[in-house]
Participant: 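Just passing along the structure, written as structure tokens.
Atoms within each ligand, like the ligands themselves, are counted from 1 in listed order.
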Amino acid sequence: MSDVRVRFAPSPTGALHIGGVRTALYNYLFAKQHGGAFVLRIEDTDRQRCIPGAEAYILEALEWLGLHPDEGPGSYGGGAGPYRQSERKESYRQHALQLVEQGKAYYAFDTPEQLDARREEARAAGDHAWKYDHSQRHRMRNSLSLGTAETARLLKEEAPYTIRLLVPEEEQIAFEDRIRGSVSFQGRELDDKVLLKADGMPTYHLANIVDDHLMGITHVIRGEEWLPSTAHHVLLYRAFGWEEEMPEFAHLPLILKPSGQGKLSKRDGRKLGIPVFPLRWEGDSPDDSFEGFREAGFDPRAVINFLAFLGWNPGTEQEIFSLEELVEAFSLEHIGKAGARFDYDKARWYNQQYLMHTPDAELAGMLRPLLREKGHEPQRDYLEAFAGLFKERAVLLGDFWTQGYYFFEPVASYDQKALRKRWKPDLQPMLEKLAGEIADAGAFDPQDVQAILQDFMEREGLKPGGLYPFLRLALSGSLKGPGLPEMISLMGREVVARRLREAPDQFNALLNPKDHG
Ligand code: GLU
């Protein structure tokens, strides 16, 4: 293994948004390309926001997509654990206290009420973006303004405190982002971020930096929304004396709504009826429950391929990439700065491509659970042939069922418009005659069926247009579908003969409901 180590660091606060999945994918690709490690770290220090089941959801989503972490919580293991921040609490506290001792951070005793009052006062004076920063810290209640003796007294009294970073206002913070280029901030623009909260838990900033350092992370690849925080992160690396080993940063572009206007949100998914999560999520309310790509009938390989292209492109015309090929082709330099539009039609196109190119036997394996859910346990050969017959037409896995259910159970409805236009009761004897011939037929491969139909039409003086639509309607209820000889051959003599005999009565009934009341 090389020394490249990247991490995916989700907070288990709900379902993992598709943007998070893309972050995981890019980290995975980067790690594998460099022969490095892909670490999963659960950032669960904000206990109020953590949701039971969210961590399990994250693991299940990563595994479904084939993004197996090299290190992580539970059975993933690894030498840099524990991989849940809630299990590393003491280390954060030690690190925060170390900074206080070195004069790089300080105790702040301001109560939430005092902070609110100060913010209110500022607002009244027209300042709506009050910050606890270099211009304010001397007038707040902290170890800098209160002095050593008072601070010692308060600590002895066990007065609640937070620890804040002492941001050096004269300092210039500049770093090279692998995607965005040179980025710089001024110390005087930044607030003195809380590092340790009054409940003893670290904030995201402290825990994230301490862990990235202790876990030997070499590259931080994450969403653009974290770019402003990076200024504080660089200051923290400096304060700890770790600047030499600071990871490289790469901030990924936003994922935009399908319209291209604004950031994709989970509400967009609901509004547009499209998945924006990898898997189904059952929240506390219907409002917080969503279908995922998996339930929508996506092949995980198609989801990976689609997500890879949300922000990255190989610089060539090639669009279909397996995970292994992506590992080869991926590079941070080919990630754009501009937001990437979440084009759901493109996701569907990818899925169609994957379904089309999946061998029939494999497809049959993917379809079996779906059919089992509907109460069918078809023979393997039958299912494989069925898969082959529909794979050029299906976009989502569920399309196999909606388009071809009649291969497993009786026709549920007939295309009435087509019937009204074409069906006449005096066509019934023709279908009955054909039913008899089919029931008695010998060899029954598609070519044989083709020959039987040909022969029948010749003898009866029929053209395909005078027979095929009725065959289709009788067998499947619709005028669409796979090739007729293939369809008839697979359904088998018995089912075909029965449907040809029984369907006409139904057609007549549908067209003349009164006569058949
Ligand atoms: N816990 C943060 C998140 O939920 C991690 C951000 C980062 O990668 O630094 O996205």
Side-chain angles (χ1 to χ4, degrees), residues 4-31 36-51 53-59 61-62 67 69 71-73 80 82-89 92 165 175 177-180 183 193-195 197 201-237 240 242 246-255 263-266 276-278 281 307 311 332 335:
V4 165
R5 291 174 61 78
V6 297
R7 83 305 194 269
F8 176 50
S11 299
T13 52
L16 179 61
H17 186 271
I18 204 73
V21 180
R22 183 196 60 174
T23 300
L25 170 63
Y26 286 10
N27 275 282
Y28 175 92
L29 296 176
F30 189 81
F38 171 55
V39 177
L40 173 64
R41 183 173 73 224
I42 301 294
E43 301 211 325
D44 58 350
T45 55
D46 191 345
R47 303 309 287 168
Q48 270 134 25
R49 294 187 57 228
C50 287
I51 302 236
E55 181 185 317
Y57 179 97
I58 292 165
L59 303 187
L62 293 180
L67 305 178
E71 298 174 25
Y83 293 91
R84 271 185 212 102
Q85 291 189 325
S86 56
E87 294 165 21
R88 305 169 67 87
K89 205 174 144 190
Y92 307 126
L165 179 66
F175 61 93
D177 186 275
R178 288 284 292 269
I179 295 166
R180 321 202 68 86
V183 182
K193 281 257 181 289
V194 172
L195 302 178
K197 294 183 279 188
M201 284 303 245
T203 55
Y204 153 73
H205 304 287
L206 176 67
N208 190 268
I209 284 350
V210 168
D211 285 347
D212 279 350
H213 179 73
L214 296 180
M215 293 182 175
I217 298 303
T218 57
H219 297 78
V220 167
I221 303 169
R222 62 182 171 195
E224 185 180 274
E225 64 274 28
W226 301 104
L227 187 63
S229 302
T230 311
H232 284 101
H233 297 175
V234 173
L235 285 177
L236 276 168
Y237 280 105
F240 283 118
W242 299 334
M246 188 165 83
E248 287 188 50
F249 293 101
H251 286 91
L252 307 175
L254 287 179
I255 297 183
K263 194 175 153 191
L264 180 73
S265 75
K266 57 183 179 184
V276 296
F277 292 101
W281 172 259
L307 289 181
L332 293 175
I335 296 175

Participant: Going by the salt bridge (Lys or Arg N to Asp or Glu O under 4.0 Å) test, which pairs reach into residues 219-234, not counting sequence neighbours?
Facilitator: R180-E224
Participant: What residue among T230, I209, L165 forms side chain to side chain contact (heavy atoms under 4.5 Å, CB included) with L235?
Facilitator: L165
Participant: Can you find a pair of side-chain heavy atoms, one from K266 and one from F277, that are under 4.5 Å apart?
Facilitator: yes
Participant: Going by the rule ring-ring contact (aromatic ring centres under 6.0 Å, His included), which residues pair with F240 if we only count those two or more places apart in sequence or in a different chain?
Facilitator: H95, W242
Participant: Tell me whether the rings of W226 and Y204 are parallel (<30°), tilted (30 to 60°) or perpendicular (>60°).
Facilitator: tilted
Participant: Report the residues that fulfil ring-ring contact (aromatic ring centres under 6.0 Å, His included) with F30, sequence neighbours left out, ordered by chain and then residue number.
Facilitator: H34, H219
Participant: Mind checking what residues have non-hydrogen atoms under 4.0 angstrom from ligand 1?
Facilitator: R7, A9, S11, E43, Y204, N208, R222, W226
